[in-house]
Amino acid sequence: MKLFLDSANIKEIEELGSSEYVYGLTTNPTFFYEEGVKSTEEFLSILKDIMPDKEIQLEAMGSVDEILKIARDYVDSPPGTSCEHNIVSKVPFNEEGLEAVSILSKESIKTNVHLVYSVNQAVLAARSGATYVCPLMGRFDDSGQNSSELLGDIKTTFDNYNIETEILAASVRHPDHVKQALLLGVDAITIPYKVFKLMMDHPLTERGTRAFENHTVGQK
Ligand code: E4P
């Protein structure tokens with residue numbers, strides 16, 4: 001099971017990116033816009049020092065030809081050059097995206113088909129050769145539907161047919177989303193910085209630590 005950091009904020013990435021429990025990083029164009037990231041090259045050159053050998057997921061969107069070019073460039077000459085990142089192209093779910101994913105999978109180029117909101121979309125992405133399918137929990141719940149049910153249905157379907165495509169739960173808004181995804185047995189979860197922080201907390205842990213600190217005696 002893989003835990004990704006979902007961020008394009010350099011401070012957050014500096015703090016958590018090299019942690020053993022963080023498998024890699026997922027980003028999206030909105031994060032880049034909000035964080036003022038000027039170019040993928042610049043972004044990856046910073047990551048090279050922080051999380052040099054981890055998996056990085058970057059957007060590849062547009063026409064089939066545009067997706068192919070972006071995804072091949074990530075693999076052939078990663079922006080930020082000479083980095084060891086394992087780059088996965090995030091392709092939005094649509095017909096062009098699926099066509100590009102099927103070509104890329106034959107070239108062993110990894111993809112994450114995201115913006116997946118149904119079992120049927122997940123199966124089409126998987127059968128097209130996606131490495132990951134990415135249902136967005138928070139956004140699904142915001143639309144008045146149940147993201148745990150969606151994840152569970154995709155998981156059951158993939159298990160029924162021995163589909164190897166990994167399920168990556170995204171749009172995580174709180175620690176309970178993480179727990180639900182874990183209990184459903186998804187393969188990967190991408191988690192924002194603030195949710196990682198909340199996952200660390202438990203009032204009984206804090207209380208117990210304070211009590212032990214008060215009772216600590218000298219080591220000699
Ligand atoms: C991940 O890949 C998604 O782009 C991200 O988790 C979306 O999160 P949001 O719905 O909180 O914007």
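Computed from a prediction, not measured in an experiment: that's the story for all the values here. Every number for a ligand or one of its atoms is a count from 1 in the order of the listing.
- Salt-bridge check for Lys69 with Asp65: failed, with every basic side-chain N at 4.0 Å or more from each acidic carboxylate O.
- Each of Lys90, Gln57, Glu166 was evaluated against Asn112; a single residue qualifies, Gln57, per the side-chain hydrogen bond (donor to acceptor under 3.5 Å, both in side chains) test.
- Under the 3.5 Å distance criterion, with hydrogens and angles disregarded, a donor-acceptor pair is assigned to the side chains of Glu15 and Tyr193.
- Protein residues lining ligand 1, listed by chain and number: Asp6, Asn28, Lys90, Arg139, Ala170, Ser171, Arg173 [non-hydrogen atoms, distance under 4.0 Å].
- Using a cutoff of 4.0 Å between basic side-chain nitrogens and carboxylate oxygens, Asp201 and Lys197 are not scored as salt-bridged.
- Salt bridge status for Arg173 with Asp142: present, with a side-chain N to carboxylate O gap under 4.0 Å.
- Hydrophobic cluster of Tyr23: the remaining members, joined at side-chain heavy-atom separations below 4.5 Å, are Phe4, Val88, Tyr132, Leu168, listed by chain and number.
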